There are 2 protein chains.
Amino acid sequence: MYKEKGEPAIPLRDAYQHDHKMYVATDCIIFGFDAGNLKLLLFKRRVAPFQGDWSLIGSFVKIDEDVSAAAERVLEEITGLRDVFMEELKTYGAANRDPGFRCISIGQYALIRLNDYDKELVEQHGAVWHDVKELPSLVLDHDQMVQDALKKLKQKARYQPLGFELLPEKFTIPQLQSVYEAIYQKELDSRNFRKKVFSYNVLVKLEEKDKSTSKRGAFLYKFDHNRYKRLTERGYNFEI
Amino acid sequence: MYKEKGEPAIPLRDAYQHDHKMYVATDCIIFGFDAGNLKLLLFKRRVAPFQGDWSLIGSFVKIDEDVSAAAERVLEEITGLRDVFMEELKTYGAANRDPGFRCISIGQYALIRLNDYDKELVEQHGAVWHDVKELPSLVLDHDQMVQDALKKLKQKARYQPLGFELLPEKFTIPQLQSVYEAIYQKELDSRNFRKKVFSYNVLVKLEEKDKSTSKRGAFLYKFDHNRYKRLTERGYNFEI
DNA sequence: ATAATAAATGTATTTTTTACATTTTATAAA
DNA sequence: TTTATAAAATGTAAAAAATACATTTATTAT
């Protein structure tokens, strides 16, 4: 990257034509939530190598494509969804991680609402939702990616309102609690949970009730993004 | 990444020879601490393009080299140091981030002890320590990398004992407080600070004193990595 | 009318965080 | 030897946050 003192400067491009180019891929760790459980969208590979094995959904990054755009493209191709929560997890850069050829992968995790996605599209691509507690083993280092993503989700959910990304726009407090219980893998006290979520004043109570799980029904709420924004701007931090 | 249902599987390698290969670089955001201030090691480029401009220190990742190994190599070449704290920051993957050719970079931030490094080596490479409050502007997206690294350091230092990585093995409590004040950019109350750091029982008090900053002198302490390990294993989390 | 069931709610206790001022120790100067 | 100096070291009370815990309410089906 540098030349010894005194040597004349040479164009960087010439200095580095030692064929260091490699493939750059992105793999998406796509989470959903259903019936009290975190779900992961997996893909049964239809191409060799590893044909028939379970894998995350990914793609090479095109030569003129932003890495983040590649991830968004993959997600849209499979689920039909745009503008969902997606964030970089980590780079998987071991020289020998892919036996075929040198390829690094940038893992990105996404949180989607299980009622929104395009079911036909998902099926067409051989993708299947799996409960995160009962995952098959995956190709390459994808198991590691999933473990890392679960850990990150657990950490990050504490300080950022990620739980809402996994629920429909309208949701009940018991549903919300259930999401956090799935993420933290831990039961929460409903009285303390309510106290906490309400304390930030970022939920809007609706008139409607969801009666699918009880005779009494539970009130529906919406997450108010503006109030949340104001909260963080005032230096407060949401913590759940 | 997939084939339509029913089409025969074809080897992935053939499917993807559309020249998607690109350069992968790694850039190191190297922090140090001196006289109450966070410092950043910058490098005056001796090669075109951007000759003479300030830059982070980086390198291409070699075709048979782990990404993390590339970062360690760069750090050692410039500072002579191995086994220092270094962690991935984030991938910089915009298609047009480098005007010369397609190149993504994986930013990695390192924390080093300012008395340990090899001063001659650093000087040889045209690297200079800068106060983070008075940084020149940097090439490409390196300014963004530094801002991101500072933010991450601030967040991460709360829950992981990173402050110690910036101090010599033996340090005083006022020094430690000063490190955290630099990271958080905020003054801390010395009584509450002591109470907190001592509460975790991860510091070992030595007999020696450091008399460089006062007549009375301040006792030196060591960070006890074993005790810290036990603490985290018991599920407690260090928070400062 | 009654039984059944999940939803909704409040309080007391403990723990953690914050705010705040004085004493101690060693050295250098008088 | 006394005294002045200056950073290091220390404790306590008040406020805020987290935890533990049990009963009542609303609705539907019988």
Side-chain angles (χ1 to χ4, degrees), chain A residues 35-37 154 157-159 163 167-168 170-222 231-232 234-240, chain B residues 35-36 157-159 163 167-168 170-182 184-222 231 234-240:
Chain A
N37 293 299
K154 210 166 161 177
R158 265 194 94 92
Y159 305 104
L167 288 175
K170 299 174 182 182
F171 53 85
T172 69
I173 305 299
Q175 279 168 2
L176 187 65
Q177 179 175 340
S178 170
V179 167
Y180 280 95
E181 288 179 330
I183 293 173
Y184 297 145
Q185 293 185 76
K186 182 177 140 182
E187 297 210 339
L188 301 173
D189 179 272
S190 68
R191 290 156 290 185
N192 295 339
F193 182 80
R194 273 169 197 272
K195 212 186 300 174
K196 199 150 207 187
V197 293
F198 289 143
S199 75
Y200 298 107
N201 238 307
V202 293
L203 298 189
V204 179
K205 188 175 185 172
L206 307 176
E207 292 306 311
E208 297 170 75
K209 279 187 165 186
D210 169 21
K211 296 204 170 154
S212 63
T213 52
S214 78
K215 290 159 187 168
R216 181 180 177 177
F219 279 104
L220 288 162
Y221 290 81
K222 271 188 178 178
L231 186 81
T232 53
R234 270 186 268 128
Y236 286 82
N237 47 334
F238 180 88
E239 190 179 334
I240 217 164
Chain B
R158 265 195 94 92
Y159 305 105
L167 288 174
K170 299 172 182 183
F171 54 85
T172 68
I173 305 300
Q175 279 167 4
L176 187 65
Q177 180 175 339
S178 171
V179 166
Y180 279 95
E181 288 178 332
Y184 297 146
Q185 294 186 76
K186 180 179 142 181
E187 298 210 339
L188 302 173
D189 179 272
S190 68
R191 290 156 291 186
N192 294 338
F193 183 79
R194 275 171 196 271
K195 212 185 303 173
K196 199 150 207 185
V197 293
F198 290 143
S199 74
Y200 298 107
N201 237 307
V202 293
L203 299 187
V204 179
K205 188 176 186 172
L206 306 176
E207 292 306 310
E208 298 169 74
K209 278 187 165 186
D210 170 20
K211 296 203 171 155
S212 63
T213 52
S214 79
K215 291 160 188 169
R216 178 181 178 177
F219 279 103
L220 289 162
Y221 290 80
K222 271 187 177 177
L231 186 81
R234 269 186 269 127
Y236 286 83
N237 48 334
F238 180 87
E239 190 178 335
I240 216 164

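Bear in mind that the values here come from a model prediction, so they are computed numbers and not experimental data. Naming: A, B, ... by sequence-line order, numbering from 1 per chain.
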Validation: residues 173-182 of chain B side-chain donor-acceptor distances under 3.5 Å, sequence neighbours left out:
from     : atom 1 : to       : atom 2 : distance (Å)
B:Gln175 : OE1    : B:Thr172 : N      : 3.1
B:Gln175 : NE2    : B:Asp210 : OD2    : 3.2
B:Gln177 : NE2    : B:Glu181 : OE2    : 3.1
B:Gln177 : NE2    : B:Leu188 : O      : 2.8
B:Tyr180 : OH     : B:Gly163 : N      : 3.1
B:Glu181 : OE2    : B:Leu188 : N      : 2.8

- Could you state the atom-to-atom distance from CD of B:Glu187 to P of C:dC20 in whole Å? 14 Å
- Message: Would B:Lys209 and B:Phe219 count as a cation-pi pair here, with the cationic atom under 6.0 angstrom from the ring centre and within 45° of the axis?
- Response: yes
- Query: Among C:dA7, C:dC20, D:dA18, which is the nearest nucleotide to the side chain of B:Asp189?
  - Reply: C:dC20
- Message: Heavy-atom nearest nucleotide on DNA chain D for A:Arg191 versus A:Gly217: which residue maps closer to 5'?
- Response: A:Arg191
- Out of D:dC21, C:dC20, C:dA7, minimum distance to the side chain of A:Ser214 belongs to C:dA7
- Is the side chain of B:Tyr184 donor-acceptor paired with the backbone N or O of B:Arg158 at a distance under 3.5 Å, no angle test? yes
- Item | B:Phe198 CZ to D:dA8 C1', straight-line distance once rounded to whole Å | 11 Å
- Message: Please report the distance, rounded to the nearest Å, between OH in A:Tyr236 and C1' in D:dA16.
- Response: 12 Å
- Please give, in whole Å, the distance from D:dA17 P to A:Asn237 CG? 11 Å
- Task: State whether the side chain of B:Tyr200 and the backbone N or O of B:Glu239 hold a donor-acceptor pair below 3.5 Å, judged by distance alone.
- Result: yes
- Does any N or O donor sit under 3.5 Å from an N or O acceptor when you compare the side chain of B:Lys195 with the base of D:dT12? yes
- Message: Using heavy-atom distances to pick each residue's nearest nucleotide on DNA chain D, tell me which of A:Arg216 and A:Lys211 is more 5'.
- Response: A:Arg216
- Approximate separation, where rounding is to 0.5 Å, of A:Asp189 CG and A:Arg194 CZ: 11.0 Å
- Between atom CZ in A:Phe193 and atom C1' in C:dA8, what is the gap in whole Å? 14 Å
- Item | Atom-pair distance (NZ on B:Lys196; C1' on D:dA9), nearest Å | 20 Å
- Query: At under 4.0 Å between heavy atoms, what does B:Lys209 touch on the DNA or RNA strands: base, sugar-phosphate, or nothing?
  - Reply: sugar-phosphate
- Query: When the distance from CZ of B:Arg194 to P of C:dT18 is rounded to whole Å, what number comes out?
  - Reply: 18 Å
- Query: Within the structure, does a side-chain N or O atom of B:Thr172 lie under 4.0 Å from either OP1 or OP2 of D:dA8?
  - Reply: no
- Which comes earlier along DNA chain C counting from the 5' end, the contact point of A:Ser190 or that of A:Thr213, where each point is its nearest nucleotide? A:Thr213
- Message: Rounded to whole Å, how long is the line connecting atom CG of B:Leu188 with atom C1' of C:dC20?
- Response: 15 Å
- Tell whether B:Lys215 reaches the base of C:dT25 with its side chain through a donor-acceptor pair below 3.5 angstrom. no
- Message: From the set D:dC21, C:dT17, C:dA7, return the single nucleotide nearest to any side-chain atom of B:Glu239.
- Response: C:dT17
